[in-house]
**Student:** 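Take this structure, written in structure tokens, and hold onto it; I'll ask about it next.
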Amino acid sequence: MTLRLHNTLTGAKEVFAPLEEGHVRMYTCGPTVWNFAHVGNLRAFLFYDLVRRHLNVAGYRTTHVMNLTDIDDRILDQAMHAGTTIAEYVKPYEAAFFENMASLRAERAEHYPRATEHIPEMVDMISTLIKHENAYVADGDVYFRIASFPKYGALSHLDRAGLKAGARVAADKYDKESVSDFALWKKAHPEDEKLGAAWDAPFGRGRPGWHIECSAMSKRYLGDTLDIHSGGVDLMFPHHENEIAQSEAANHKTFARVWLHSEFLADATGEKMSKSAGGFTTLRDLVAAGHDPLAVRFFLIANAHYRSRVRLSTEALHAAAEQVRRLREFADRVKRTPAAETDDGELAKRTAEVRAAYREALDDDLNLPQGIGLAFDHIREANAALDAGRVGALNKVALLALIDDMDAHLDVIRAEEPGLAAEVERLIAEREEARRSRDFARADRIRDDLKSRGIALEDSRDGVRWRRISRVT
RNA sequence: GGCGACGUAGCCAAGUGGUAAGGCAGAGGUCUGCAAAACCUCCAUCCCCAGUUCGAUUCUGGGCGUCGCCUCCA
């Protein structure tokens with residue numbers, strides 16, 4: 001089983017092997033905590049989660065770093081309007097980010113470095129770049145000299161001529177040598193002091209530019225060369241391109257060996273969801289509309305391949321919720337069904353084949369949608385076998401192994417249900433009483449009532465089962 | 001203007017040079033007090049045109065359409 005990943009740098013799927021045997025160093029671009037993350041942001045973050053989970057499945061230990069950008073122009077603006085410091089302004093959004101990640105069941109990264117806590121590392125790197133003449137000071141600001149880095153544009157495949165032809169580069173008010181030179185350090189303005197957004201540096205008091213934090217913090221936690229660097233496609237240019245320029249000019253080493261970029265999420269109109277464009281949807285919005293975070297998770301990682309665009313829609317979320325429901329139902333059924341006398345040997349063999357095929361799909365550039373499709377096909381077969389009483393002890397073990405394989409990525413199957421409220425339990429008992437006395441009208445009334453409150457009941461030979469259901473139809 | 005992606009059933013979506021996984025929705029059944037769940041059956045020739053080929057949805061060219069990046073952006 002060979003893991004192959006699509007490397008943006010080469011535009012091809014490549015066999016993946018980390019620099020250090022058995023250990024993957026991975027840096028992923030995290031949130032700018034100036035606002036609540038929208039579902040598009042969350043898609044990227046869950047993509048990182050999928051990557052790290054599959055690396056673990058493939059037997060690698062991971063050191064995963066995800067930065068928190070807690071200083072940038074938007075934060076400065078907002079903090080100013082709010083009359084507070086950037087550190088205070090950012091707090092609730094940072095907390096919301098971690099809440100989102102938890103309810104979407106993303107595994108925690110090993111490190112979540114904050115930009116403002118790594119100013120010295122950035123200052124060091126900028127000093128090195130100035131010394132090497134890859135950067136220059138202009139009126140208190142420091143810029144990276146793109147002319148000093150011939151490889152610039154290799155990742156995004158944009159050449160300098162193309163950039164100029166864009167003609168959208170604003171007329172610059174600063175003394176940059178070239179319009180495409182980008183800021184490493186911005187001179188402090190008086191108002192920055194009140195916001196707590198100014199630091200001393202050999203080249204003048206100020207604050208860091210956006211890109212330098214990733215170069216400095218990845219070096220601090222992962223060293224000069226990363227195995228994997230990933231982010232949304234929209235970070236490819238200029239952000240990732242700039243990171244490469246800074247890091248490689250400063251360290252004289254390959255910065256990241258593999259670049260993974262996840263496609264964006266579109267809103268209902270089919271256009272990219274973005275904060276600046278106005279309308280965007282947060283996890284909180286979806287939950288308020290009755291969607292289960294587990295369905296949102298499934299939708300974001302399993303509905304479509306990470307390199308294809310997806311459109312957020314109620315229908316798609318509902319389909320995702322149904323798939324989650326089916327998976328959970330199946331897992332539950334396999335677990336609670338007593339082993340049959342007969343064990344269908346063919347079924348066990350097929351289960352092993354499906355497990356292998358599932359793994360292969362994931363190894364092929366993380367094709368989770370394909371893997372899920374294969375699994376669902378088999379689940380139908382397994383359900384039929386359960387109906388027919390052909391699932392014995394061996395088959396149960398095999399099927400549970402398949403479920404575990406899937407849940408290693410999905411993590412929506414074994415996620416535990418919230419406990420039953422005492423009142424709901426009482427109502428179920430009451431309904432059972434009504435059924436025993438054949439008062440079906442009353443029994444149905446109770447069931448309907450529970451359903452409207454998001455609890456579905458199923459009568460079966462071995463008792464009443466309940467489960468939470470999506471309130472969205 | 002430059003660079004790029006995509007266009008598969010009502011919806012979402014995987015995929016391959018040899019006549020198209022899966023999920024949702026829908027229809028009909030089995031089971032059940034009724035439901036639900038589960039299972040069974042039904043439901044597409046892959047945007048258009050031309051070319052390469054024994055054969056293309058899959059390769060090449062053109063067209064149409066949608067979208068992205070080139071500017072803050074996951």
Side-chain angles (χ1 to χ4, degrees), chain A residues 11 28-32 34 37-48 72-74 153 156-159 161-170 180 210 230-239 261-266 269-277 280 298-299 302-305 307-311 313-327 329-330 332-333 357 361 367-388 435 438 440-441 443-444 447-448 451 456-461 464-467 469 473:
Chain A
T28 61
C29 284
T32 299
W34 74 289
H38 64 239
V39 195
N41 298 318
L42 299 176
R43 181 186 187 194
F45 304 153
L46 287 183
F47 166 61
Y48 309 156
D72 91 321
D73 289 352
R74 290 166 298 182
S156 52
H157 309 109
L158 290 171
D159 59 23
L163 294 182
K164 278 180 196 161
R168 296 231 244 146
V169 181
S180 28
W210 173 33
S230 88
V233 275
D234 44 5
L235 293 184
M236 212 161 89
F237 186 91
H239 185 54
H261 288 99
S262 60
E263 261 297 345
F264 63 80
L265 178 86
T269 69
E271 283 171 14
K272 177 181 163 186
M273 186 177 289
S274 97
K275 288 175 186 168
S276 33
F280 63 89
F298 187 97
F299 168 72
N303 177 66
H305 184 82
R307 283 191 289 115
S308 69
R309 294 167 194 176
V310 295
R311 186 188 296 225
S313 70
T314 304
E315 297 74 38
L317 283 171
H318 175 253
E322 277 301 299
Q323 292 180 78
V324 169
R325 204 216 82 235
R326 270 175 72 87
L327 289 172
E329 181 73 29
F330 175 67
D332 193 43
R333 189 178 177 195
N367 199 336
L368 186 57
Q370 184 175 50
I372 296 297
L374 294 167
F376 268 115
D377 197 28
H378 188 63
I379 284 172
R380 182 168 23 77
E381 198 178 322
N383 266 320
L386 283 161
D387 285 344
R435 290 180 75 204
R438 304 193 72 77
F440 294 121
D444 290 351
R447 182 171 61 191
D448 290 346
K451 187 171 186 181
L457 299 186
E458 289 171 21
D459 300 329
S460 75
R461 225 163 304 169
V464 182
R465 285 197 297 280
W466 67 275
R467 62 164 201 274
I469 52 167
T473 47

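In what follows, every chain begins at residue 1, and chains take the letters A, B, ... in the order their sequences are listed. Because the structure is a prediction, the values reported are computed rather than measured. Excluded from the calculations below are hydrogen atoms, water molecules and symmetry mates; all remaining heavy atoms, backbone and side chain alike, are included.
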**Student:** In chain order, what residues pass the side-chain hydrogen bond (donor to acceptor under 3.5 Å, both in side chains) check against A:Glu263, with sequence neighbours excluded?
**Tutor:** A:Arg309
**Student:** Considering residues at least two apart in sequence or located in another chain, which fulfil the salt bridge (Lys or Arg N to Asp or Glu O under 4.0 Å) criterion with A:Asp448?
**Tutor:** none
**Student:** Go through the structure and list residues passing ring pair (Phe, Tyr, Trp, His ring centres under 6.0 Å) with A:Phe47, not counting sequence neighbours.
**Tutor:** A:Tyr306
**Student:** Polar pairs (N or O, both sides) under 3.5 Å between protein and nucleotides 13-15 of chain B?
**Tutor:**
residue: B:A14; atom: OP1; partner: A:His305; partner atom: N; Å: 3.2
residue: B:A14; atom: O3'; partner: A:Asn367; partner atom: ND2; Å: 3.0
residue: B:A14; atom: O2'; partner: A:Gln370; partner atom: NE2; Å: 3.2
residue: B:G15; atom: OP1; partner: A:Asn367; partner atom: ND2; Å: 2.5

**Student:** Filter on salt bridge (Lys or Arg N to Asp or Glu O under 4.0 Å), then keep only pairs touching residues 313-323 of chain A, sequence neighbours left out; what's left?
**Tutor:** A:Glu322-A:Arg325
**Student:** Applying salt bridge (Lys or Arg N to Asp or Glu O under 4.0 Å), can you list everything that pairs with A:Arg326, at least two apart in sequence or on another chain?
**Tutor:** none
**Student:** At under 4.0 Å between heavy atoms, how does the protein contact nucleotides 40-48 of chain B? Give one character per nucleotide, 5' to 3', with B, S or -.
**Tutor:** S--------
**Student:** Heavy-atom distance under 4.5 Å between the side chains of A:Leu327 and A:Ile379, does that happen here?
**Tutor:** yes
**Student:** For nucleotides 26-28 of chain B, print each protein N/O atom paired with a nucleotide N/O atom at under 3.5 Å, atom names and distance only.
**Tutor:**
none

**Student:** Going by the rule side-chain hydrogen bond (donor to acceptor under 3.5 Å, both in side chains), which residues pair with A:His239 if we only count those two or more places apart in sequence or in a different chain?
**Tutor:** A:His211, A:Glu243
**Student:** Taking N or O atoms only and anything under 3.5 Å, show me the protein contacts with nucleotides 30-36 of chain B, one pair per line.
**Tutor:**
residue: B:G33; atom: O6; partner: A:Arg435; partner atom: NE; Å: 3.3
residue: B:G33; atom: N1; partner: A:Asp444; partner atom: OD1; Å: 3.3
residue: B:G33; atom: N2; partner: A:Asp444; partner atom: OD2; Å: 3.0
residue: B:C34; atom: O2; partner: A:Arg447; partner atom: NH2; Å: 2.7
residue: B:C34; atom: N3; partner: A:Arg447; partner atom: NH1; Å: 3.2
residue: B:C34; atom: N3; partner: A:Arg447; partner atom: NH2; Å: 3.4
residue: B:C34; atom: N4; partner: A:Asp459; partner atom: OD2; Å: 3.1
residue: B:A35; atom: N6; partner: A:Asp459; partner atom: O; Å: 2.8
residue: B:A35; atom: N1; partner: A:Asp459; partner atom: N; Å: 2.9
residue: B:A35; atom: N3; partner: A:Arg447; partner atom: NH1; Å: 2.8

**Student:** Can you sort out the partners of A:Arg43 under side-chain hydrogen bond (donor to acceptor under 3.5 Å, both in side chains), two or more places apart, ordered by chain and number?
**Tutor:** none
**Student:** Sequence neighbours left out, what passes side-chain hydrogen bond (donor to acceptor under 3.5 Å, both in side chains) with A:Thr28? Give chain and number order.
**Tutor:** A:His64
